[in-house]
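To start, the structure under review is shown below, and the notes come after it.
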Amino acid sequence: MATVLIKNLDKHIGEEVSVRGWLYNQRSSGKISFLIVRDGTGLVQGVLVKKDVGEELASLAGNLTQESSLIIRGVVREEPRSVGGYEILIAGLEIVSIAEEYPITHKEHGVDFLADRRHLWLRTPRQTAIIRVRSEIEQSIRDFFYENDFVLADAPIITPAACEGTTTLFELDYHGDKAFLSQSGQLYNEAAAMALGRIYCLGPTFRAEKSKTRRHLMEFWMIEAEMAYFDMDDNINLQEKMLHFVIRRVLERCEREMKTLERDVARLEKITLPFPRISYTEAVEILKKEGVDFVWGDDFGAPHETAISKYFDAPVFVHRYPATIKAFYMKPDPENPAVVLGADLLAPEGYGEIIGGGQRIDDFKLLEQRIAEHNLPQEAFAWYLDLRRYGSVPHSGFGLGIERTVAWLCGLDHIRETIPFPRMLHKMYP
RNA sequence: UCCUUGAUAGCUCAAUGGUAGAGCACCCGGCUGUUAACCGGGCGGUUGUAGGUUCGAGUCCUACUCAAGGAGCCA
């Protein structure tokens, strides 16, 4: 007899199988009872008829509490009335462990209550659906890069200095030396790209800013890619191709999850290539047309990003930002040095910036000058300057925020559900 | 860090300044196709903390703690 996953039950109709999982819910009407079992891949209804299985097994089932672990055995059949469309006529039941009174019920709970029990909250259908979509997103990104001749070159997490010198970092003691948790692997990626051509990394990044919004975490994951001999347009072309690939994969393979999340997938299905592209200056004009008070040269805040992205059904690239509001390594536009060859990608439906990227300065002298202008420690960037000293080439890269992408594709209103254990301001339990 | 709102049973919420209540969870009983099952009964409280006003405070005032939503910063 086969032990099967609930999501594969459709391949075992008429067979006797066993399913190993946990009791999600139970309903009884005396002589017949229904055990809803979950195994992490889905839900299935087990039907237990007292006169068929006997008094002993029936009373055993009566002792089961929510989230008790159990193994059920029986014949699979199609049943449209059942959750998931299949049910198992229970012939055997093994209790693995009786759960104590479970704190999370099938009724409503507040976010604070759930967040404190994240380790249990994770078991609910909605949360498992989100984590499965997240997994598919990361897997599809890896597949995309693998198929496009990229090499995975992971960047360090402990770093000796700030990458961009702008954000607040978590500090730690490195055997007597000061060290920081990485805010970006980009500088290391540039070195790796000079070695391998096209590379990417996937890892956690850390920001110590006291951000308290629906789109910020203290610890989040980024995919960062860096490509030698890529200019800004090559960079943007690659990004939209990658994101389109990811969207198609999620639509293809996460149909069930999107249904659980009640995501309106039509909005994702109609996204086609190429994505719209506008300059920062054009974006400012849109804001002014919308009656928003905005001065050329300022950076966009969350409301501005939302106003701009509402103009488009697809993600929109905003390129050529003023040099003053972007990182020191951004390459100036040769046609207008006041702006840089960088582009951010704003997700639709008000989900904000999901990609930040651009072409890097490849000229030694200019980079050295920028480091000085930004009051960054020259010694710490000596190795980074070396990349321009030994065979410098035009190159570009980008970073995509995993959590914001998950939030957008799943249609979530808060980023805290996009990662198994979110690290938020003043909250890191469990 | 700032602004706004909130904290009452295990959970989600009610309660003119005048006897703190409901639904769910849990326990007991009933029900042969349930769908957050249903029906009957039971259990359940120092109203976030500390002061104050009042004959009387869950309700009004002050401070603090914690949380949520938003801003800034960013992905």
Side-chain angles (χ1 to χ4, degrees), chain A residues 24-36 43-53 58 62-63 65-67 77 79-85 87 89 99-117 120-121 124-126 163-164 166-169 182-186 204-224 298-306 325-327 344-347 351-357 398-408 413-416 418-419 424-427:
Chain A
Y24 179 72
N25 199 5
Q26 181 172 23
R27 286 181 282 273
S28 170
S29 40
K31 304 275 187 339
I32 185 168
S33 61
F34 303 91
L35 311 185
I36 311 299
L43 293 173
V44 68
Q45 172 166 283
V47 185
L48 199 144
V49 181
K50 203 186 224 173
K51 77 168 176 11
D52 295 345
V53 297
N63 292 330
T65 53
Q66 188 186 347
E67 285 301 314
R77 66 180 179 206
E79 173 52 70
R81 285 175 294 184
S82 165
V83 60
E87 67 179 18
L89 189 60
E100 291 179 28
E101 186 177 333
Y102 200 64
I104 299 178
T105 69
H106 297 294
K107 298 286 178 179
E108 285 168 24
H109 296 286
V111 287
D112 190 34
F113 178 83
L114 290 170
D116 282 342
R117 291 154 187 81
L120 303 176
W121 185 21
T124 61
R126 176 180 164 82
C163 165
E164 302 178 7
T166 51
T167 49
T168 323
L169 305 185
S182 173
Q183 61 161 175
S184 164
Q186 191 209 305
T205 50
F206 307 87
R207 304 283 165 88
E209 280 124 358
K210 297 193 187 306
S211 299
K212 184 183 162 53
T213 80
R214 67 177 68 188
R215 59 225 288 196
H216 287 89
L217 295 172
M218 301 295 105
E219 174 184 297
F220 65 99
W221 287 64
M222 271 207 292
I223 283 278
E224 293 180 281
D298 284 350
D299 205 355
F300 299 133
H304 305 126
E305 288 181 356
T306 304
I325 56 169
K326 284 293 176 186
D344 288 350
L345 183 68
L346 306 183
Y351 281 96
E353 180 187 344
I354 54 170
I355 292 182
F398 65 91
L400 172 138
I402 296 293
E403 286 74 16
R404 286 187 183 174
T405 304
V406 175
W408 166 44
D413 61 9
H414 203 295
I415 203 169
R416 69 184 147 224
T418 61
I419 185 167
M424 300 190 295
L425 188 62
H426 303 137
K427 180 162 268 179

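Only heavy atoms go into these numbers, but all of them, side chains included; no hydrogens, no water, no symmetry mates. Chain naming here is simple, since letters A, B, ... match the order of the sequence lines and numbering starts at 1 in each.
Here A:I419 contributes atom CD1 and A:E403 contributes atom CD; the two are 4.5 Å apart, rounded to the nearest 0.5 Å. In this structure, the separation between CD on A:Q45 and CD1 on A:I36 is 4.0 Å, given to the nearest 0.5 Å. Between the CG atom of A:L217 and the OG1 atom of A:T418 there is a distance of 6.0 Å, given to the nearest 0.5 Å.
Atom pair A:R27:CZ and B:rU32:P shows a separation of 17 Å (rounding to whole Å applied). Straight-line distance from the CE atom of A:M218 to the P atom of B:rC73: 15 Å, rounded to whole Å. Between the CG atom of A:L114 and the C1' atom of B:rG10 there is a distance of 14 Å, rounded to whole Å. In this structure, A:L48 places its CG atom 16 Å from C1' of B:rC31, rounding to the nearest Å. The distance between atom CG of A:L169 and atom P of B:rC74, rounded to the nearest whole Å, is 13 Å. In this structure, A:Y351 atom OH and B:rC74 atom C1' are separated by 19 Å, rounded to whole Å. The NZ-P distance, from A:K51 to B:rC31, rounds to 16 Å in whole Å. Regarding A:L346, its CG atom lies at a distance of 14 Å from the P atom of B:rC74, rounded to whole Å.
With hydrogens and angles ignored, no donor-acceptor pair under 3.5 angstrom links the side chain of A:S211 to the base of B:rC74. No hydrogens or angles were tested; on distance alone, nothing pairs the side chain of A:H109 with the base of B:rC11 as donor and acceptor under 3.5 Å. In terms of polar N and O atoms assigned as donor or acceptor, the side chain of A:E108 never comes within less than 3.5 Å of the base of B:rG23 in a complementary pairing.
Heavy-atom minimum distance, A:Q183 versus A:L169: CB-CD2, 3.6 Å.
Residue contacts for A:E224: at a heavy-atom cut-off of 4.0 Å it reaches no nucleic acid atom on any strand shown. A:R126 comes within contact range of no nucleotide atom at all, as no heavy-atom separation falls under 4.0 Å. Looking at heavy-atom distances under 4.0 Å, A:Q66 makes no contact with the nucleic acid at all. A:I104 comes within 4.0 angstrom of no nucleic acid atom, judged by non-hydrogen atoms across all strands. No engagement by A:T405 is indicated, since no non-hydrogen atom pair under 4.0 Å with the nucleic acid exists. Residue A:D299 is in sugar-phosphate contact alone, with no base atom involved, counting any heavy-atom pair closer than 4.0 Å across all strands shown. In this structure, A:S33 reaches neither bases nor backbone, as no heavy-atom distance under 4.0 Å exists between it and the strands shown. When heavy atoms are screened at a 4.0 angstrom cut-off, A:G352 is found touching no nucleic acid atom at all. Note on A:E79: a base of the nucleic acid sits closer than 4.0 angstrom, heavy atoms only.
Nucleotides B:rA63 and B:rG56 have their C1' atoms positioned 24 Å apart, rounded to a whole Å. Only the P atoms considered, B:rU12 is 28 Å distant from B:rU62, to the nearest whole Å. Taking atom C1' in both B:rA15 and B:rA20, the straight-line distance is 7 Å, to the nearest Å. Across the C1' atoms, B:rG23 and B:rC64 are found 34 Å apart, a figure rounded to whole Å. For the P atoms, the distance from B:rC3 to B:rC55 is 36 Å, rounded to whole Å. On the P atoms, B:rG18 is 11 Å away from B:rC60, given to the nearest whole Å. Only the C1' atoms considered, B:rA67 is 22 Å distant from B:rC73, to the nearest whole Å. Comparing the P positions of B:rU46 and B:rG10 gives an interatomic distance of 8 Å, to the nearest angstrom.
Comparing B:rG33, B:rC74, B:rG72 by their nearest atom to the side chain of A:E305 picks out B:rC74. Which of B:rA71, B:rA25, B:rU1 sits closest to the side chain of A:K210 comes down to B:rU1. Closest approach to the A:I32 side chain among B:rU32, B:rA25, B:rA71 is made by B:rU32 (side chain taken as heavy atoms from C-beta onward). Comparing atom distances between the A:E209 side chain and each of B:rG72, B:rU34, B:rC73 picks out B:rC73 as nearest.
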(request) Go ahead and write out RNA chain B as dot-bracket, 5' to 3': ( ) for pairs within the strand, [ ] for ones crossing earlier pairs, | when the partner sits on another strand, dots for unpaired; Watson-Crick or G-U wobble, both distances under 3.5 Å. (result) (((((((..((((....[..)))).(((((.......))))).....(((((..]....))))))))))))....
(request) Indicate for each nucleotide in nucleotides 4-9 of chain B, in 5' to 3' sequence, whether protein heavy atoms under 4.0 Å reach the base (B), only the sugar-phosphate (S), or nothing (-). (result) ------
(message) Checking A:V47 against A:E79 for the side chain to side chain contact (heavy atoms under 4.5 Å, CB included) test, could you report, in this order, the C-alpha distance in whole Å, the side-chain angles of both residues, the deciding distance, and whether it holds?
(response) CA-CA 11 Å; A:V47 185; A:E79 173 52 70; over 6 Å; no
(request) Could you walk me through whether A:Q26 and A:L35 pass the side chain to side chain contact (heavy atoms under 4.5 Å, CB included) test, one step at a time? (result) CA-CA 5 Å; A:Q26 181 172 23; A:L35 311 185; 3.1 Å; yes
(message) Please determine whether side chain to side chain contact (heavy atoms under 4.5 Å, CB included) holds for the pair A:D299 and A:H304, giving the CA-CA distance in whole Å, both sets of side-chain angles, and the decisive distance to 0.1 Å.
(response) CA-CA 9 Å; A:D299 205 355; A:H304 305 126; over 6 Å; no
(request) Dump the intermediate steps for side chain to side chain contact (heavy atoms under 4.5 Å, CB included) on A:F206 and A:M218, then the final yes or no. (result) CA-CA 6 Å; A:F206 307 87; A:M218 301 295 105; over 6 Å; no
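Checking the phosphate oxygens (OP1, OP2) of B:rU32, a side-chain nitrogen or oxygen of A:K31 falls inside 4.0 Å.
Comparing A:F113 and A:Q26 against RNA chain B, the residue whose closest nucleotide sits nearer the 5' end is A:F113. Heavy-atom distances to RNA chain B give each of A:E87 and A:R117 a nearest nucleotide, and the one nearer the 5′ end belongs to A:R117.
Scanning for salt bridge (charged side-chain N to carboxylate O under 4.0 Å, His left out) contacts around A:R215 gives A:E305, with sequence neighbours left out. By the ring-ring contact (aromatic ring centres under 6.0 Å, His included) test, A:F220 pairs with no residue at all, sequence neighbours left out. Under the rule for a salt bridge (charged side-chain N to carboxylate O under 4.0 Å, His left out), the partners of A:E67 that lie at least two apart in sequence or sit in another chain are A:R38, A:R123.
A heavy-atom distance below 4.5 Å is found between the side chains of A:I402 and A:L400. The closest side-chain heavy-atom distance from A:W121 to A:I104 is below 4.5 Å. Contact of the A:I325 side chain with the A:F300 side chain is not registered, since no non-hydrogen atoms from C-beta on lie closer than 4.5 Å.
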Pairs: protein N or O with nucleotides 67-69 of chain B N or O, under 3.5 Å:
unit_1 : atom_1 : unit_2 : atom_2 : d
B:rA68 : OP2    : A:K212 : NZ     : 3.2
B:rG69 : OP1    : A:R416 : NH1    : 3.3
B:rG69 : OP1    : A:R416 : NH2    : 2.9
B:rG69 : O3'    : A:R214 : NH2    : 3.2

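For NZ of A:K210, the number of neighbouring non-hydrogen atoms (other residues, nucleotides, ligands) closer than 6.0 Å is 12 at most.
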